Amino acid sequence: MTLITDVRLRRVLDSRGNATVEADVLTESGGFGRGKAPSGASTGEYEAIELPANEAIAKAREEALPRLIGEVHAGNQRDVDAALHAADGTDDFSGIGANSAVAISMAAAKAGADVLGAPLYQHLGGTFRGNEYPTPLGNIIGGGEHAADATNIQEFLAAPVGAPSVEEAVFANAAVHQEVHDILADRDLPAGKGDEGAWAPSISDDEAFEIMDEAVETVADDFGFAISFGLDVAGAELYDDEADGYVYDDGVKSTEEQIEYIAGKVEEYDLVYVEDPLDENDYEAFADLTAQVGDQTLVCGDDLFVTNVERLQAGINADAGNSILIKPNQIGTLTDAVDAIELATASGYESVVSHRSGETEDTTIAHLAVATDAPFIKTGAVGGERTAKLNELIRIEDNAV
Ligand code: PGA
Ligand code: ZN
């Protein structure tokens, strides 16, 4: 029923105005699915390779389509994704492009769900999953690679940990975003927005910590439940080999100083989440920080693990963290992403399903988070390509997909 009868690929826009790959998968019984690849700016050194959209499309047409059309059932995700790996022939998707791979992988999953007449999360997770909803981490203030002349730390993230529902959590994050706007206006600090819709004022990281603290407290009082906050430091972007440390506007921190700095902020602000606090090659420093604060906060590997089971296993062996960011395009297929989540869960690591800074209206990650009972999803707070996922979560919770 779900035998793939056609795959169509085209170039469409992402949220930064760059070209990305859109895939349509059709099945013999009339099933249809469409997926779009997102794209990172602060990409990890060990991520699967994204090719220019035109090239990725040409390569996938040549290598992947003959292995899919008339050959593989969209309903069997492992077969689809194995065919993509076989067509690619490399270990980093540099053959057909991780952007073509992930778009086809997601489109096939949606076509499989369409044939079943089931929501995507149920097709991916089965009937015994999908009853837990992820807490959305909302990007509120940011800089790094996502905005010029703003904070050094890439993302300050609201975490509505006490919210009674996804819907309340989504609105709480939007309210924190608005509250920060008001605080910035009161302080005469003009701010545009970065790539993910976070405010990108020209302020110090210390001032951003203060403003976040004030904003989450105000909104928590209004909403009547606990809201904490966390960070994506994007440490690999701050780390400079030649400087032998982490380069901030006000100076360079050695690895030991960086660990001390982050541990201090976790204590001071009760941070519930710290992503990539250290360089992507430094498992040891991750382990040191985790030993210090791992019982009070999530220490999450993004560029460190790149959704890759081998890098995650190395991290588990080294106690280098207690959670993993899951970005399907970082590894190329939904099967690989789910394998990483399963290894994480089996090892007591929390999974945080995530968008990229360059996004589309695709909602697959909302379904993936619910399908895998991931405790968190990171997909922004405002902006159409972000609200596409947030609103889909609200619909999933309302049994309306
Ligand atoms: P990216 O950043 O999508 O630009 O890589 C997001 C992140 O670092 O989490
Ligand atoms: Zn990150």
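All values reported here derive from a predicted model rather than from experimental measurement. As the structure lists them, so they are numbered: ligands from 1, and atoms in each ligand from 1. Below, all heavy atoms of this structure are taken into account, side chains as well, without hydrogens, waters or symmetry copies.
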Quiz item: For ligand 1, is any non-hydrogen atom under 4.0 Å from E145's backbone (N, CA, C, O), its side chain (CB onward), both, or neither?
Solution: neither
Quiz item: When you check the gap from the basic side-chain N to the acidic O, do D206 and K265 get nearer than 4.0 Å?
Solution: yes
Quiz item: Do R187 and E214 meet the salt-bridge criterion of a basic N to acidic O distance under 4.0 Å?
Solution: yes
Self-check item: Numbered atoms and elements of ligand 1 in range of G40, under 4.0 angstrom, heavy atoms
Solution: 1 (P), 3 (O), 4 (O), 5 (O)
Quiz item: Are any of the N or O atoms of A41 closer than 3.5 Å to those of ligand 1?
Solution: yes
Quiz item: Can you tell me which residue and heavy atom of the protein come closest to atom 3 (O) of ligand 1, and the distance to 0.1 Å?
Solution: S357 N, 2.8 Å
Exercise. Just need the protein heavy atom nearest to atom 8 (O) of ligand 1, so name the residue and atom and give the distance.
Key: Q154 NE2, 2.9 Å
Practice problem: Count, excluding waters, the protein N, O or S atoms that are closer to the Zn ion (ligand 2) than 2.8 Å. | Solution: 3
Quiz prompt | Atoms in ligand 1 with a heavy atom of D302 nearer than 4.0 Å | solution = 7 (C), 8 (O), 9 (O)
Quiz prompt | Heteroatom distance test (E47, ligand 1): nitrogen or oxygen, under 3.5 angstrom | solution = no
Exercise. Check the surroundings of atom CD in E342: do more than 12 heavy atoms from other residues, nucleotides or ligands lie under 6.0 Å from it?
Key: yes
Quiz item: Do the two ring centres, one from Y248 and one from Y261, sit under 6.0 Å apart?
Solution: yes
Self-check item: Side chains of T307 and Q330, donor plus acceptor under 3.5 Å
Solution: yes
Quiz item: Nearest protein heavy atom to atom 6 (C) of ligand 1, by residue and atom, and its distance?
Solution: K327 NZ, 3.5 Å
Quiz prompt | D303, portion touching ligand 1 at heavy-atom distance under 4.0 Å | solution = neither
Quiz item: Would S42 count as a contact of ligand 1 if the rule is a heavy atom under 4.0 Å away?
Solution: yes
Quiz item: Counting heavy atoms only, which of H146, R356, H355 comes nearest to atom 2 (O) of ligand 1?
Solution: H146
Quiz item: Any Lys/Arg nitrogen of E47 or R356 sitting under 4.0 Å from an Asp/Glu carboxylate oxygen of the other?
Solution: yes
Quiz item: Relative to the heavy atoms of D232, which atoms of ligand 1 are at a distance of less than 4.0 Å?
Solution: 7 (C), 8 (O), 9 (O)
Quiz prompt | Salt bridge E155-K378, side-chain N to carboxylate O under 4.0 Å | solution = yes
Quiz item: Is it the case that E50 and N99 place a side-chain donor and acceptor less than 3.5 Å from each other?
Solution: no
Self-check item: Counterpart residues, side-chain contact (heavy atoms from CB on, under 4.5 Å), relative to E62 (two or more places apart)
Solution: none
Exercise. Enumerate the atoms of ligand 1 whose separation from the nearest heavy atom of K378 is less than 4.0 angstrom.
Key: 7 (C), 9 (O)
Practice problem: Show which atoms of ligand 1 fall inside a sub-4.0 Å distance from at least one heavy-atom site of E155. | Solution: 6 (C), 7 (C), 9 (O)
Quiz item: Is a side-chain donor-acceptor pair under 3.5 Å present for D81 with S105?
Solution: yes
Quiz item: Is any NZ, NE, NH1 or NH2 atom of the basic residue among E55 and K59 found under 4.0 Å from an Asp or Glu carboxylate oxygen of the other?
Solution: yes
Quiz item: Would you say F225 has more than 12 foreign heavy atoms packed within less than 6.0 Å of its CZ?
Solution: yes
Practice problem: Considering the heavy atoms of E196, write down every atom of ligand 1 situated less than 4.0 Å from one of them. | Solution: 6 (C)
Quiz item: Any idea which atoms of ligand 1 are less than 4.0 Å away from a heavy-atom of E275?
Solution: 9 (O)
Quiz item: Side-chain contact, heavy-atom cut-off 4.5 Å: S228 with V216?
Solution: no
Quiz item: Is it true that E392 and K389 have a side-chain N and a carboxylate O under 4.0 angstrom from each other?
Solution: no
